[in-house]
Structures are given as C-alpha cells and as structure tokens.
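Proteins come first, then strands; the chains are lettered A, B, ... in the order of their sequence lines, and each starts at number 1.
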There are 2 protein chains.
Amino acid sequence: MNKKQLTKVLGGAEKLCRKRGARLTARRRTVLELLCASDKPLSAYEILDRMRATTRNPAPPTVYRALDFLLEQGLIHKLESLHAFVGCTHPEHPHSSQFLICGDCGEVSEMENEAILQSLQTAERATGFKTRHPVVELLGTCAQCAEKHQSG
Amino acid sequence: MNKKQLTKVLGGAEKLCRKRGARLTARRRTVLELLCASDKPLSAYEILDRMRATTRNPAPPTVYRALDFLLEQGLIHKLESLHAFVGCTHPEHPHSSQFLICGDCGEVSEMENEAILQSLQTAERATGFKTRHPVVELLGTCAQCAEKHQSG
DNA sequence: GGCATGACGGTTATGCCATAACATGATGTT
DNA sequence: AACATCATGTTATGGCATAACCGTCATGCC
Ligand SMILES: [Zn+2]
Ligand SMILES: [Zn+2]
Ligand SMILES: [Zn+2]
Ligand SMILES: [Zn+2]
C-alpha cells in the first residue's frame, strides 16, 4: 500500500470507528498503520519489533489486544496458515474474503469472489452447517513467480 | 471412527505405504491410530500425552516427525485454524478437501465438494495463481448443535 | 466535589506450538 | 564387515498466544 492509499484507509478507519462508537486509539492506530504500510503479512512479534521505534517497551499483550480490536472491526484479517496479519483493502463493509498466498515472494492478495462464496453457501445448506467464519487460503505460487520459474 | 473402520483404515494405510515404498513404522502407526481413534482433532501435544501410555518418554520431535510423514502420505490432514490434526477418511487417492468445524461440540467433518473445488480453480485461472495446497476451513456450528440451540 | 464504573493498556509470568542440532540405532546393500 | 540411508532419541531453543493483576483515565451519577 502506498502513502496515499494508507492515508485514505486510515481516514476511513477513523470514520468507521467513530460511526460505530469504537475507539481507534493511538496503539490500535499504530498497529493498523504498520500492517497497512507493510508489503507483506506481519506476525504479532514482527509488529512488536516495529513498535519499538515509537513505543517504550511494548509487550505481546499490547499487540494482541490491538489486533483483536482491529479484527473485530474488520480492519485487518488473520492468515491462519501463516500466523500473520494483513490490513484489509476494503473495510467499508463486513465481508469474507479469500487469500492467495505466494510461497515464493510472500505476496498475499485478498480476493472477494462471489462464485466461491456461493459454492460454500450451497455446501452449507446441504449439510445444515452454519458458518460464522470461513477460512479460505490458497497456498501456492503467484503469476509473477510462476513466470520467473519458467523463463529462469 | 469405530473399531471396524479403524482396522480398515489402518490396513489400507499399510497397503498404501507398501505400494509406495514408504515405511509405516511403529511410531507412525501409533500416531495414525490415535488420530483415527479420536472423535475430535488432536494437537501434537495431545498426541504426545496419549503416546505416554505405550512409549517411554516421547518428545515433541517424535510426534512431529510422524505427523510430517503422515501428511506427506495423505493419511492425515492438518487443521490450520485449530493447530490440530485429523485422520483422513478416504486416503486411497490424493485429494484436497474442505472442513466443517463446529465450535460448540468440536466435531469436524471432512468434505470433498466438487463445486467448491471448481470455483477455486476458476479463480486461480483468472489470476494466474498456481495453488499447491488449498486451505478451506469453515468455522461455525454443526446442524446438531444449531438445533439444540433453537430447542434449548 | 466525591465516587462508582468501565474501557484501555502496562507489566510479569506462563503455556502451547514447532523446530534446530546432534547422537544413536535400525535396515538394507555390497 | 563396511557402508549408506533412513528413522528415532535427546536436549535445547525459538515463535505464537494468553492469563492475571494493577494503574490510569474518561465518563456519568449522586
Ligand atoms: Zn478484507
Ligand atoms: Zn510470488
Ligand atoms: Zn482426506
Ligand atoms: Zn456441533
């Protein structure tokens, strides 16, 4: 995410939280900034390291509490298969997305694919299962890296 | 999994490994048995605890090495969102499946849904992404538990 | 003002998940 | 026997996540 996008997302988050009566405090905002500014997912402890630049002696609970808040507000997502977190690219409305995770370059792209959601919902109806939180993470190789492998 | 099914799965695993020239050793077999005999997913450390009944002083690497082998052979699956493992219900052929994970009773059911696979593959083609391992885990409430909630 | 209430975050400690690194033992081949 | 290879034992360590307790600050009510 570039600086302009970052500003926009942070502004949006601010507005969203105000509307909901949720408090986007300094700590929480810092964590969101770090995640959005990063070009790859960050683990809680990576966030912790980066916080040392601006915060005196931060500890794991500080980070995890902020992450919990941001997850509740839908401003970030957790990648279960990586034990890491990413900023959401379109937090305006609640949604469930799918993630393409490249094992070569580490890039993660968030996707909101209607056909996939439909197929999941169809399966749920057939089994009577009620999904609260779908985890869809595709681990593999992105188009760029696949091309490199062929040419290189 | 009941005792009869367990015997069948273990026999199948034995045969499968022999065919592939892979060695289903005592340790590996024990871990597979424990997973298949359990009615819910087990973490590596839960497996470790149960191994103490039959093995002297087992350590984490013992379990993790067995798990790695069984994963490679497709005899078990890892549930990323639970940090736990389950025995595969149909290991005869390689496959990628989806999991319905009930947060109330802890039951996990493995599903191999063609429509979901298709929708994932369509999305891959559209993006040029090559998936090596899809993770699809639906966290929610199973039909049984949902019913209990309504009546109770 | 005085005081309860509740959200937020600092601090310390702990527990679970997973692997690195090295030593030993089992198995099969020549 | 000598050797290569794979599996396992053993010890130590690193990464992920939370429990429990306490101080602080804002808010609302008497
Ligand atoms: Zn999102
Ligand atoms: Zn890539
Ligand atoms: Zn399976
Ligand atoms: Zn259930």
Exercise. Regarding B/His95 and B/Glu110, is there a side-chain donor-to-acceptor distance under 3.5 Å anywhere?
Worked result: yes
Exercise. Backbone N or O of A/Leu70 within a donor-acceptor pair of the A/Arg28 side chain at under 3.5 Å?
Worked result: no
Seminar exercise, completed: Between CG of B/Leu79 and C1' of C/dC17 the distance, given in whole Å, is 15 Å
For this session: Look only at the side chain of B/Ser38 and the backbone of B/Leu34, and say whether a donor-acceptor pair between them is shorter than 3.5 Å.
Result: no
Exercise. Do NZ/NE/NH1/NH2 and the carboxylate oxygens of A/Glu33 and A/Arg29 come within less than 4.0 Å?
Worked result: yes
Exercise. For residues 11-32 of chain A, which residues have at least one heavy atom under 4.0 Å from DNA chain D?
Worked result: none
Exercise. So, is B/Arg56 near the phosphate of D/dT8, with a side-chain N or O under 4.0 Å from OP1 or OP2?
Worked result: no
Exercise. Are any side-chain N or O atoms of B/Ser119 and backbone N or O atoms of B/Ile116, one a donor and one an acceptor, separated by less than 3.5 Å?
Worked result: yes
Problem set entry | Derivation of the ring pair (Phe, Tyr, Trp, His ring centres under 6.0 Å) call for A/His77 and A/Phe85 | CA-CA 6 Å; A/His77 297 290; A/Phe85 303 83; over 10 Å; no
For this session: Please state how far atom CG in B/Leu42 lies from atom C1' in C/dC16, giving the value in whole angstrom units.
Result: 15 Å
For this session: Evaluate the side chain to side chain donor-acceptor pair (under 3.5 Å) criterion for residues A/Ser81 and B/Glu80: first the C-alpha distance (whole Å), next the side-chain angles of each, then the deciding distance (0.1 Å), finally the verdict.
Result: CA-CA 6 Å; A/Ser81 59; B/Glu80 296 290 348; 5.7 Å; no
Exercise. Is any side-chain nitrogen or oxygen of B/Thr62 closer than 4.0 Å to OP1 or OP2 of D/dT8?
Worked result: no
Exercise. Rounding to a whole Å, what distance do you find between A/Ile47:CD1 and C/dG9:C1'?
Worked result: 17 Å
Seminar exercise, completed: Scoring nucleotides 14-20 of chain D by protein non-hydrogen atoms under 4.0 Å (B base, S sugar-phosphate only, - none) yields --BBBBB
Exercise. Over how many whole Å does the gap from B/Leu70 atom CG to D/dT8 atom P extend?
Worked result: 10 Å
Problem set entry | Spacing of A/Glu72 atom CD relative to C/dA7 atom P, expressed in whole Å | 12 Å
Exercise. Which pairs pass side-chain hydrogen bond (donor to acceptor under 3.5 Å, both in side chains) with one or both residues in residues 59-74 of chain A, sequence neighbours excluded?
Worked result: A/Arg20-A/Gln73
For this session: Verify, without hydrogens or angle tests, whether A/Glu14 (side chain) and A/Gly11 (backbone) share a donor-acceptor contact under 3.5 angstrom.
Result: no
For this session: Establish, with yes or no, whether the OP1 or OP2 oxygen of C/dT11 is under 4.0 angstrom from a side-chain nitrogen or oxygen of A/Asn57.
Result: yes
